[in-house]
Amino acid sequence: MGLKNNLHNFKEKNKDKKWIPGFNALFTFLYMPNETTHNGTHIKAADDLKRTMNTVIMALVPCLIFGMFNAGYQHYLAQGLIESANGFLGASFWTLDNLVVGLWKVLPLVIVSYGVGLAVEFVFAIIKGHEVEEGYLVTGMLVPLIVPVDIPLWMLSVAVIFGVVIGKEVFGGTGMNILNPALTIRAFLFFAYPTWMSGDKVWIHGAVERDQMIAAGQNVDAISGETILGTLAQGKEVAYSVWDMFCGIIPGSVGETSTLLILVGAVFLIFAKIGSWRIMLSSVVGALVMGLIFNGLVSAEVITEGSKFYGLMSTEFWHHLLIGGFAFGTVFMATDPVTASQTNKGKWIYGFLIGFLSIMIRVFNPAYPEGVMLAILLMNVFAPTIDHYVVQGNVKKRMKRLKAKTA
Amino acid sequence: MSKDIRIKKGLDIRLIGQAEEATESAIISNSYTIRPEDFHSIIPKLVAKEGTHVKAGETLFFNKDNEAMKFVSPVSGEITEIQRGPRRRIDAIKITADKAQAFLDHGKFDLNSDAEKTKAHLLASGCWAFIKQRPYDVIAKADSTPKAIFVSGYASAPLAANLDYTLAGKEAELQAAVTALSKFTEGGVHISVGAKSSSPLANLQNAITHKVSGPHPSGNVGTLINKVNPVNKGETVWTVNAQDLVIIGELLLTGKFNAERIIALAGSSVKKPRYFKTKLGAEIATMVYDNGVEKDSNARFISGNVLSGKQVQPDGNLDYYSNVISVIPEGDDYEFFGWNKPVFNKVSTSRALTFSWLTPKKKFELNTNTNGEHRAFVTTGTYEEVFPLDIYPMQILKACMYKDLDEMEALGMYEVAPEDFALTEFVCVSKQPHQKIIREGLDLMLKEIG
């Protein structure tokens with residue numbers, strides 16, 4: 001009782017202060033506010049934006065934890081210090097050693113992402129005099145999961161500031177942005193610091209450091225770990241089984257490797273009615289269709305083994321769902337309600353095109369083998385257009401009704 | 001032409017405190033209050049001065065734009081106070097009632113009269129106030145010709161008064177009113193009744209009855225219009241509340257404006273929710289305390305239902321159109337970790353650690369807490385689940401907010417009233433005031449387009 005009343009009195013006393021949104025943001029995390037309705041509906045449903053965002057974060061937690069173990073696992077495996085884990089429950093995967101490396105490398109990413117991003121949000125809230133909005137709660141969790149584990153923290157900070165300011169705040173904050181902020185952050189990193197975002201060194205903790213040591217003349221073995229997409233783009237044989245890909249014990253960005261756990265998150269989000277099943281389903285369909293088209297081209301021998309596209313085109317169509325960031329992007333990024341299509345019909349089109357374009361970009365752009373990020377950003381831009389035409393359908397129906405009446 | 005209407009999209013909010021079907025006569029209210037704000041967009045010209053004595057049914061004021069449109073006193077008594085707001089706007093007219101009620105005799109009306117005569121009679125006797133129109137959800141313009149008239153005889157809102165019960169035995173009055181209304185339109189008087197009900201409205205002559213079923217807002221008149229004959233640009237439809245038909249009917253049959261009405265007192269703050277026989281404008285204090293609400297309890301008094309009613313003070317009065325007084329607890333307290341802990345005692349359409357989906361039959365005790373702060377629109381698709389009209393709710397709300405008249409018109413603004421957006425407002429994660437946004441949008445259109 002005491003704490004609640006003290007905080008309440010403090011809030012009332014400092015109502016007019018400029019910094020009060022900052023205090024309120026923290027206060028409302030502890031206590032749901034005492035705000036009541038004024039006419040309109042006198043009662044309200046239980047959900048608010050904090051709860052919605054929190055649900056998405058809960059869906060992300062398994063991916064985060066898995067990502068920590070995987071960071072350590074890939075680190076030790078590349079050095080040949082541990083046996084390859086056989087499957088999801090492999091003995092050499094869920095070890096304390098792996099987790100320690102993961103905590104050491106991944107937690108700083110989480111802390112920097114939240115720290116910098118929320119700082120920007122607080123500053124904007126105070127400048128603009130509105131309450132701190134919850135949008136960044138999810139973005140802040142997504143960002144560490146979609147970057148390579150060894151990304152320098154200052155780069156992450158710069159990207160987060162760019163993403164939040166240019167991706168979101170200039171449009172008016174949460175709910176107004178056109179591009180998915182987390183992907184804006186990743187795209188910024190991708191184009192500003194490409195050497196840290198692709199290649200065969202960045203996906204494994206320690207690989208870049210080893211390279212530098214070798215360059216400095218030390219006598220150590222180089223370690224490397226190519227992602228499956230990178231391997232395929234170069235037309236090489238993939239060393240991982242389908243089961244490994246599904247479980248996620250493969251190199252990749254921190255949290256996007258485990259299709260299994262992403263699927264768990266997807267089921268949770270759909271059940272909670274927070275994530276749009278329409279977008280997820282249509283996106284998967286789109287990817288499968290594109291994959292089938294490419295497979296068809298290969299089997300019709302339009303593309304032959306010598307072609308630089310052969311590696312990715314001949315990948316079995318459904319493997320595309322398991323490799324790269326496709327699953328993660330589809331479940332957690334494409335479904336961002338603000339930047340996705342807002343009409344139910346539009347969601348089908350939007351999702352389908354994301355899946356379709358992801359695989360197309362993936363195959364035709366081997367320099368940047370991850371297509372899902374660019375596909376989602378592109379469709380973010382087109383989502384309002386899709387909605388426009390869907391809504392026009394409704395408007396036309398109304399016009400037709402009027403014409404039928406007056407005719 | 002009768003059509004059964006079954007809707008799937010919607011939400012039944014089950015609340016504790018449904019009125020039990022037993023009627024008491026309320027203590028006779030000493031004072032009655034008429035608030036011109038109940039008659040949205042009407043500018044009143046006062047006829048009765050402070051201190052004058054009026055009979056029940058005698059004119060208090062008329063519409064500045066149409067002198068023939070009178071608004072009358074529900075009781076006979078002395079006008080004791082006229083409260084004015086800024087710029088001498090009339091806020092309230094208070095009437096202290098006589099012990100013995102005297103009615104102004106408007107004369108028994110010949111139901112075979114033509115539309116013009118009927119119209120003049122309703123305008124002069126104060127009954128026109130009960131006829132509303134769409135577009136704009138305001139009192140019908142007297143010179144408009146409706147393409148059809150709609151009456152909802154099925155109340156699906158939470159804690160609503162059961163119309164089958166409150167209208168029982170009023171068949172003659174209802175029939176007279178419907179007969180009179182049917183003169184105004186060629187499109188017929190459409191009446192909705194619950195699919196399983198034994199409504200006195202079910203077997204009226206000169207009317208087209210529709211059986212409706214499904215969750216709220218199946219009983220909203222807006223849903224009925226949308227499913228039967230939606231309003232197009234340039235068209236008008238009229239709507240009348242079922243309980244107001246009784247007053248119109250009695251006036252036509254006897255010449256008396258009898259403001260009596262059976263209303264429900266409901267809500268979880270009420271000890272014994274039940275029905276009362278009272279009059280328009282009566283003080284709610286005459287009903288809410290006896291076996292009702294604790295004195296000095298922290299409760300919200302609402303004239304109307306919990307979704308679209310008006311907040312009134314405990315010494316306030318029943319408004320002109322409501323047939324329910326809802327009393328629910330205020331929610332002006334903080335809730336520790338309210339935003340992330342599992343919720344069992346509140347209603348939600350999601351399953352984001354909210355568990356009302358587990359207990360679909362459970363009745364809830366909801367308070368007035370907003371359960372979160374006001375935010376920009378973020379989530380999508382939630383409104384559509386509870387919105388049965390063939391309109392894009394979020395898009396039309398946004399059009400109202402950025403005041404794009406062309407877009408509002410194209411998206412269907414002529415068809416809607418604020419109450420159609422009550423459920424979307426209830427489920428809104430961003431806690432946006434949908435009904436207010438729609439009302440302001442309609443007012444803007446009324447002003448600009450008329």
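Residue numbers begin at 1 in each chain, while the letters A, B, ... track the order of the sequences.
For B/L423, no part sits under 4.5 Å from any heavy atom of chain A, backbone or side chain. Neither the backbone nor the side chain of B/V386 has a heavy atom closer than 4.5 Å to any heavy atom of chain A. Using a 4.5 Å cut-off between heavy atoms, B/I302 contacts chain A through its side chain alone, with no backbone atom that close. B/P418 does not touch chain A: none of its heavy atoms, backbone or side chain, sits under 4.5 Å away. Heavy-atom distances place both the backbone and the side chain of B/Q311 under 4.5 Å from chain A. At a 4.5 Å heavy-atom cutoff, the contact between B/V347 and chain A is made by backbone atoms alone. B/N345 does not touch chain A: none of its heavy atoms, backbone or side chain, sits under 4.5 Å away. Heavy atoms of B/K436 lying under 4.5 Å from chain A are absent altogether. In this structure, the portion of B/F377 lying under 4.5 Å from any heavy atom of chain A is its backbone and not its side chain. Neither the backbone nor the side chain of B/E419 comes within contact range of chain A, judged by heavy atoms closer than 4.5 Å.
Proximity of a side-chain donor or acceptor of A/T343 to a complementary backbone N or O of A/D387 within less than 3.5 Å is not detected.
With hydrogens and angles left out, the side-chain atoms of A/T36 and B/T368 include no donor and acceptor closer than 3.5 Å.
Comparing B/G234, B/S326, B/G412 by heavy-atom pairs within less than 4.5 Å of chain A, the highest count is held by B/G412. Most heavy-atom pairs under 4.5 Å with chain A: of the set B/I13, B/L11, B/L353, B/V427, this distinction falls to B/L353. Ranking B/F421, B/W357, B/F364 against chain A, the residue ahead of the rest is B/W357, based on heavy-atom pairs under 4.5 Å.
Among B/V327, B/I325, B/V293, the single residue meeting the side chain to side chain contact (heavy atoms under 4.5 Å, CB included) criterion with B/I284 is B/I325.
Ring pair B/Y334/A/F27: centre-to-centre distance below 6.0 Å.
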